[in-house]
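One structure below.
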Amino acid sequence: MKKFDKKELLGSIRMPAIDWNMNFFGGHQQTIKKNWHYPSERHLAFETFYIISGSIVVDVFDNKIYLNSGDIMILSPNVWHETVSLAETTYFNFHFNLDDDRFVKNLMTHTILSFPVGSIKNTELVNSIEGLRLLLNKNMEYSFVEELTIQKNLLEFLVKIFFYESSDNKFGDSSQLKIASSLAFQIQTQLKNQIHAYFNEDFATVKTFKKISINTIYQELKISPSYGGSIFKNIYGYSPRQYLTNLKISQSKRLLKLPDVSVSNISNALGYNDSAHFTRQFKRWTNETPLQFRKKENKLDS
């Protein structure tokens, strides 16, 4: 980190500028009967399973992962999984994301993180998860202070899992998992950096910023597009370009919720040559224009 340039601040000790987007969603607790089944699904965020009582089996990469009372498991984004209960079970589940390269890369290296009951790390994580569970409200109405407390507990949870150390992944073909997760990480990182560059640099010179290129990522990973695309689709169920499209949809919705950011700037940040092209694409994705989406979101917030 560079020192301050101003002479008045020479010799001062700086703290980092932190510009993260942290997401927490889908948090819920449920009691399910034996043989309850949730069909195969995947998410654009990390997913946490915490078994309070009972047991389930999660089918991931043709492997059956058994989770019993007290066990915790975390799945990386875009991992197909199917769940069946083996007994009457109460579980707590939530999704999260933190768009920091260091965090995402560290977790996605493992793909599946397992913390069995009785392990030291499990005990540490349970404390944070229980802090989240205590905030469950049957009325499902949460104050601003309660939402801040949720973020506080989530941050404690993220700090603990960041230092997770794992043996080699035992699920599926580890070499293919590594390639697929590396591709996903690079696509996610480059899109985030592209958006960050646009909104944090001089708009007069922003045309020179580097746009995301999946072909360049293939070259950096020293794999062919056909091989990389085939592995990615085998692991995640769709192509790297479709994954990029999903990320763009998510980012465009997030940016449209910011009232002071124009559709034109969102279009440029996502790498489109003009806002008309972005508008057509957004309508194809969501069946509504960016302005219609923004208007609807504003009504929901009012």
- Message: Could you work out, with side chain to side chain contact (heavy atoms under 4.5 Å, CB included) as the rule, every residue matching Glu41, not counting sequence neighbours?
- Response: Tyr38, His43, Glu47, His81

- Task: Compute the centroid of each ring, for Phe94 and then for Phe157, and state whether the two points are separated by less than 6.0 Å.
- Result: yes

- Note on the structure: Applying salt bridge (Lys or Arg N to Asp or Glu O under 4.0 Å) to Lys233 and not counting sequence neighbours gives none

- Message: Please enumerate all residues that pass side-chain hydrogen bond (donor to acceptor under 3.5 Å, both in side chains) together with Glu147, with sequence neighbours excluded.
- Response: none

- Listed partners of Asp99 passing side-chain hydrogen bond (donor to acceptor under 3.5 Å, both in side chains), at least two apart: Asn21

- Task: Just grab all the side chain to side chain donor-acceptor pair (under 3.5 Å) pairs involving residues 24-34, residues at least two apart or on different chains.
- Result: His28-Tyr91, Gln29-Arg133, Gln30-Tyr91, Thr31-Thr90

- Task: Could you pull out all residues at least two apart from Ser69 that satisfy side-chain hydrogen bond (donor to acceptor under 3.5 Å, both in side chains)?
- Result: none

- So, do Phe92 and Glu130 sit near enough that their side-chain heavy atoms are less than 4.5 Å apart? no

- Task: Keeping to residues at least two apart or across chains, list the salt bridge (charged side-chain N to carboxylate O under 4.0 Å, His left out) pairs with something in residues 263-273.
- Result: none

- Item | Set of residues satisfying side chain to side chain contact (heavy atoms under 4.5 Å, CB included) with respect to Pro240, sequence neighbours excluded | Ile187, Ile214, Tyr218, Phe232

- Message: My understanding is that a hydrophobic cluster links ILVMFWY residues whose side chain heavy atoms are under 4.5 Å apart, including indirect links. Using that, what else belongs to the cluster containing Leu148?
- Response: Phe144

- Is there any salt bridge (charged side-chain N to carboxylate O under 4.0 Å, His left out) pair reaching into residues 259-279, and which pairs are they, with sequence neighbours excluded? none

- Query: Remaining members of Tyr66's ILVMFWY cluster at a side-chain heavy-atom cut-off under 4.5 Å?
  - Reply: Val57, Val84, Leu86

- Query: Residues in side-chain hydrogen bond (donor to acceptor under 3.5 Å, both in side chains) with Ser226, at least two apart?
  - Reply: Ser224

